[in-house]
Amino acid sequence: MDLRYEAFCFADPLFYDEQRGNGAPVEDFTAGLPAPGTDWVTADRGPWRTLRPREHVLPDQGWQIHVSAGMDNAGRVLAEVYRCCGEHGIAYKHLRSVLTLLARNSKYASIDGEVELATIYPANHSELERILADLSSRLEGERGPEIPSSLRYGEGPLYVRYGGFVEQWVEHGGSRVPAVRKPDGRLVPEKREPTFSVPDWVKVPACLRSSLATHKGETPARFPYRMVRPLQVSNGGGSYVAAPKTDGDQVVLTEARPYAGLDDARIDAVKRLHREHEVLGRLAGLPGVPRVVERFTVSERHYLATEYMPGTSLASWLTRNYPLTRPNATAPDLAAYTRRVLDILAKVKKTIAEVHARGVVVGDLHPLNIVIDEDHDDRVSLTDFGTAFDAGSAERPASGTPGFRAPADRSGFAVDEYALAALRLWLFLPLWPLIELAPAKLRRIADFAERRFALPEGYADAAVAVLAPREMTAEPAPIHTDPDHDKPDWPMVRKQIAVAILASATPSRQDRLFPGDVEQFHVGGACFGVGAAGVLYALDVAGAGRFPEHERWLIDVIRREPPTRPGFYDGSSGIAYVLENFGYQDEAGRLLASAGRLVEQTTDHSLESGLAGIGLTMLHFATVRQDNEFGRQALTTAVRLAEALETAAPPGNAARAGLLSGWAGPALLFIRLFERTGEPAWLSFADQALCRDLEECIEGDDGSLQVRDGAGRTTPYVGVGSAGILLVAEQLARHRPEAEAGDSVPALREACLGEFVAQPGLLNGRCGLAVALAANPDAEQPSRTAAIDRHLRWLSWYAVPYKGGLAFPGNRLLRLSMDVKTGGAGVLLSLASLLDGKEVLPFLGGIPSSGATGR
């Protein structure tokens, strides 16, 4: 479970966003501080405000001080930081909004995120010692969440670590990461781990030696368990399978950090851990409820050890067993699945009834905290009682899992009854988060589940009676077609998608123009994959038009904040490609030139971030500009990739194969170079690259070939998955039918035929599977055309009305997205490709003329 998505759901009910206030003043903290004098320079960047003395010149890196605070004392702490830094003339930055502080310290925030309220940048050891001594005295008695990557100074909320003061980047592990410079001038990754560490060439200042000695003597000897594996790690702590250092059975060890992991009611992880301990005491002895082993504290962190309940989460169980993800699921398949689900639901209901009999409401019941033990007759257990509460109180959980959290008009046992009813439908059609975005889909989901799985009469009505909101809204007509009904009015659908995209634009914002995936807050809102460049490209390709005011936004943002990545989907190359096609040749050329050093540092092979996308961009510029220098750069890049292919690391546990992340991207570059040069060696490299991706695939029991992602999951998608391999393998086969990778094409196609796909998008969902199937119209597979039609008709399940248009949810279906990778722009490109034969993505080419469906 990727907790980043929940963290970005706080700010807006429709789109993933950072906390910005939404009605409250953005600069809550700044408004309470005196204006700095004219001898100070201030600047706002995202959620941060930076302040430095006008003539002050900082080194590129050094010891920095992180200041932590809770929600109740943040104003007091920041006021002292402001006064102290002002008196000492030391540069610093601080969060601008109390809501941003809440989001960064929320229970869903990443443990390696920036949880501090402020960061101070002493220029040397003398300044470091002086301000630590002064500020620690001023903040005596104040508390805040621990910052695990830093060394705590004294007993207060001050933490210190060595790191960069200005942005420096280096390639590491396939990604661009913050860097520091070694004495020999080389940039190396800046360590940002959940433990404190010091670069081996850095000497610890004298003022920190006592703190370091305390840190080294704190936890290892006193900690009674060794960690076996993590179950979930977040800002508030985490949960792990652990084993006692002495004899004993494995346990689940839940960790809670004070003042961190805040929920909507601003309750921290420690209070939730205390609550869980009390609730488990009340439920002691119930089957399916873990037994408490012990509770203890080490170095201010709180721990609860509970009985390990064997099995897998209901969410993982569904992923492995849901029959509609396979092509041609039979009636006996559906009947067997239905019998098993009804049996599991009965066991869940029985366990919940026993919990209720003791006066306890689970509060946040969802598929990740229900455990199924398949080795013992699908035995059911519950985990995570941190949001449980007494049924007789007026309390209810402050937050919950989207799709399973009860609306505000439910209380007591009705909170769990709502979640149970949601499970009854989710197990038969796992699109449940959509209900919060589009409540009108409830009846339709219920009817489909009852009809497709031949459920008992009244099953759907019983669930709807519990789940139905008091006021239902109508769903828009243009795309409201059941999979069995007539075809939609596709020209109208495409127009409405464009309407929604344009209606979502926020040109007044500097960080993003169109809402998209949470990744845009990491790589920037201008890029091709999740930002404005890709959206504007999609609108143009699909015939929706050009929008000069939005193009101006794109140019302004890259001038103001040039990309720090050279990749196609997440950096300079993709933006330059779009600007070149729009006629902004000077801007495109400057952008590519400015990324030259970043390209030299890049070792990542991928199309998304690395050399494949960079090389294809150079080849495109060589063609459109008739410039041999770009051609030379493309060739040099391809040679680097060919050399890297020879020494490529073996497949890992996490999936990377596919168009964006795998070796299919370099294979595409090799094919395009063959088409330009006629050199057959490039086709050999393409075949070798695709075979490398195929090493990450496994064959399913249905004969399909999909990319392995961990122990129990496979992915058929374009971005990461087998459909991305298929798209490039089809192109290789046109030039070299005898290629080794071509032998896998039928099984790769088979993976695109499933009836159910969790998400609608181009690179991570249903649209990409349809495009991959259409890539070879001559393929002898009778089910191919029917599957494309089914994928298109099923888009109606995801479509959500937005300001007179139609929008689509992005990753996890929790919020709408307009970008190419996960949202509406990708859907629009897919329809332009499938219906008109347009190029679905740069460098892939259009569908052959006989492949455009003409729907």
Side-chain angles (χ1 to χ4, degrees), residues 171 173-175 519 528-529 567-570 573-574 602-616 637-638 640-673 682-699 704-710 713-733 739-745 747-749 751-752 761-765 768-769 771-772 775 820-822 840-844:
E171 186 82 20
S175 301
E519 187 183 347
F528 188 91
F568 189 88
Y569 279 81
D570 63 355
S573 293
T602 298
T603 58
D604 179 12
H605 63 266
S606 73
L607 176 60
E608 180 170 26
S609 306
L611 295 173
I614 294 166
L616 283 161
T637 302
R640 290 175 62 188
L641 281 168
E643 292 171 349
L645 180 58
E646 297 296 331
T647 58
N653 187 50
R656 275 182 61 84
L659 184 66
L660 289 193
S661 300
W663 282 95
L668 185 62
L669 172 59
F670 297 147
I671 293 169
R672 294 293 170 258
L673 276 170
W682 292 120
L683 293 183
S684 297
F685 285 127
D687 195 12
Q688 185 179 347
L690 288 171
C691 287
R692 170 59 185 79
D693 263 10
L694 287 167
E695 291 177 21
E696 296 196 32
C697 294
I698 60 173
E699 186 174 352
S704 68
L705 202 58
Q706 299 189 31
V707 172
R708 183 192 69 255
D709 187 9
R713 183 173 182 263
T714 59
T715 59
Y717 305 125
V718 168
V720 176
S722 48
I725 304 173
L726 173 62
L727 278 169
V728 182
E730 295 275 25
Q731 299 206 20
L732 176 61
E740 182 181 350
D743 295 341
S744 299
V745 164
L748 293 170
R749 281 200 207 107
C752 299
L762 168 56
L763 286 158
N764 65 344
L769 303 189
V771 168
V820 167
K821 281 184 70 174
T822 69
V840 66
L841 288 168
F843 318 124
L844 279 174

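Positions are given from 1 along the sequence. Nothing here was measured: the structure is a model prediction, and the numbers come from that model.
- By the 4.5 Å heavy-atom criterion applied to side chains, Val820 and Leu841 are counted as neighbours.
- Ser661 meets the side-chain contact (heavy atoms from CB on, under 4.5 Å) test with Glu608, Arg656, Val720; sequence neighbours excluded.
- Minimum heavy-atom separation, Ala751 to Pro716: O-CB, 3.7 Å.
- The side chain to side chain donor-acceptor pair (under 3.5 Å) test applied to Arg692 returns Glu696, not counting sequence neighbours.
- Annotation for Ala689 and Ala667: closest pair CB-CB, 3.9 Å, computed over non-hydrogen atoms.
- With values rounded to the nearest 0.5 angstrom, Arg708 atom CZ is found 13.0 Å from Arg713 atom CZ.
- A distance-only check finds no donor-acceptor pair linking the side chain of Asp687 to the backbone of Ala739 [under 3.5 Å].
- The distance from atom CZ of Phe568 to atom OG of Ser609, rounded to the nearest 0.5 Å, is 12.0 Å.
- Gly610 and Thr602 make their closest contact through CA-CG2, 4.0 Å (heavy atoms, listed as atom of the first residue, atom of the second, distance).
- More than 12 heavy atoms of other shown residues, nucleotides or ligands fall within 6.0 angstrom of atom CD in Glu695.
- Under the side chain to side chain donor-acceptor pair (under 3.5 Å) criterion, Thr822 pairs with Ser817, Asp819, not counting sequence neighbours.
- A distance of 6.0 Å separates CD of Gln731 from CD1 of Ile671, quoted to the nearest 0.5 Å.
- Residues Val718 and Val771 have side chains not in contact (no heavy-atom distance under 4.5 Å, counting atoms from C-beta outward).
- Here the closest heavy-atom approach between residue Pro666 and residue Ala612 is recorded as N-CB, 3.5 Å.
- Heavy atoms only, all atoms of each residue included: Val707 and Ser722 are closest at CG2-N, 3.6 Å.
- In terms of the side chain to side chain donor-acceptor pair (under 3.5 Å) criterion, Thr637 has no residue partners (sequence neighbours excluded).
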**Message:** Set out, in order, the CA-CA distance, both residues' side-chain angles and the distance that settles side-chain contact (heavy atoms from CB on, under 4.5 Å) for Ile725 and Leu705, then state yes or no.
**Reply:** CA-CA 10 Å; Ile725 304 173; Leu705 202 58; over 6 Å; no
**Prompt:** After noting the C-alpha distance and the side-chain angles of Leu668 and Leu616, does the key distance pass the side-chain contact (heavy atoms from CB on, under 4.5 Å) rule?
**Reply:** CA-CA 8 Å; Leu668 185 62; Leu616 283 161; 4.1 Å; yes
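- With rounding to the nearest 0.5 angstrom, the CD atom of Glu519 is 7.0 Å from the CG atom of Asp570.
- Counting heavy atoms from C-beta outward, Leu694 and Leu748 have side chains that approach closer than 4.5 Å.
- Leu660 places a side-chain heavy atom less than 4.5 Å from the side chain of Tyr569.
- The ring pair (Phe, Tyr, Trp, His ring centres under 6.0 Å) check on Phe670 picks up Trp682, Phe685, with sequence neighbours excluded.
- Interatomic distance, Leu673 CG to Leu641 CG, rounded to the nearest 0.5 Å: 9.5 Å.
- Taking each heavy atom of Ile614 and Gly567 in turn, the nearest pair found is CG1-CA, 4.5 Å.
- Here CG of Leu611 is found 7.0 Å from CG of Asp604. Values are rounded to the nearest 0.5 Å.
- Listed by first then second residue, pairs satisfying salt bridge (Lys or Arg N to Asp or Glu O under 4.0 Å) with a partner in residues 659-673 read Arg672-Glu675, not counting sequence neighbours.
- Taking the side chain as every heavy atom from C-beta outward, Glu740 and Leu690 never approach each other to under 4.5 Å.
- The closest donor-acceptor contact from the side chain of Asp693 to the backbone of Trp663 lies under 3.5 Å.
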